[in-house]
Amino acid sequence: MPKTICEIKIELKSRGIKGITGLNKAQLQNLLDGKKPEPKKTTSKSFKPAVTPAKTAANKPVKRITMKEETTAIPDNLKDKSYIYIKRKFEKIQNIAINPSSTPSEQLQAQKKLTAYRMAMNLAKTNQYGKGKKKK
């Protein structure tokens with residue numbers, strides 16, 4: 001009698017076997033029978049750049065920080081928000097960080113958020129208002 005995936009998982013959990021998340025029914029059944037699960041085959045092609053012998057650790061150029069790398073630290077939920085919205089949120093978080101009645105863990109969390117919000121605010125400001133004054 002074939003078992004459902006749920007029944008197989010319950011049986012595996014009762015035996016104390018871990019690592020069953022993400023396995024299909026056949027792999028779970030193999031685990032139940034005592035066989036090792038076969039790893040899933042990935043169909044996507046991974047890009048591997050060609051390594052040239054001329055590039056060694058001594059010859060590597062110094063990595064420069066660019067605007068694109070800076071935006072990766074900005075949370076996705078802030079990338080599309082307006083400057084004013086982010087500025088108001090920044091001020092609220094800043095009040096929590098400064099407030100003496102806040103717990104030290106709250107203040108620490110607020111300080112971490114402030115750096116992300118500060119970068120998001122600068123990015124939103126340049127996107128919304130431009131990089132500088134307009135020439136007449």
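A donor-acceptor pair under 3.5 Å is absent between the side-chain atoms of K79 and the main chain of A124, judged by distance alone. Of the possible donor and acceptor atoms, none in the side chain of S102 sits under 3.5 Å from a partner among the backbone N and O of Q107. E7 contributes a side-chain N or O that, together with a main-chain N or O of T4, makes up a donor-acceptor pair within less than 3.5 Å.
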Evaluate the criterion side-chain contact (heavy atoms from CB on, under 4.5 Å) for residue pair Q27 and N24; output intermediate values, then yes/no.
-> CA-CA 5 Å; Q27 291 170 330; N24 60 25; 3.2 Å; yes

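In this structure, Q128 CD and L123 CG are separated by 11.0 Å, a value rounded to the nearest 0.5 Å. A distance of 11.5 Å separates CD1 of I8 from CD1 of I17, quoted to the nearest 0.5 Å. Rounded to the nearest 0.5 angstrom, M121 CE and S82 OG are separated by 12.0 Å.
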Which pairs of donor and acceptor atoms, one on a side chain in residues 84-95, lie under 3.5 Å apart (sequence neighbours left out)?
| residue | atom | partner | partner atom | Å |
| --- | --- | --- | --- | --- |
| N95 | ND2 | E91 | O | 3.4 |

Check: residues 108-117 side-chain donor-acceptor pairs under 3.5 Å, at least two apart:
| residue | atom | partner | partner atom | Å |
| --- | --- | --- | --- | --- |
| T115 | OG1 | K112 | O | 2.8 |

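With sequence neighbours excluded, the residues satisfying salt bridge (charged side-chain N to carboxylate O under 4.0 Å, His left out) with E11 are R15. The side-chain contact (heavy atoms from CB on, under 4.5 Å) search around S105 returns T103, not counting sequence neighbours. Shown here are the side-chain contact (heavy atoms from CB on, under 4.5 Å) partners of I10, two or more places apart in sequence or in another chain: there are none. Every ring-ring contact (aromatic ring centres under 6.0 Å, His included) that Y83 has, sequence neighbours left out, goes to Y129.
When side chains are defined from C-beta on, I20 counts as touching K13, because their heavy atoms get closer than 4.5 Å.
D33 CG: more than 12 foreign heavy atoms inside a 6.0 Å radius.
For the residue pair L28 and L12, the shortest heavy atom distance occurs at CD2-CD1, 3.7 Å.
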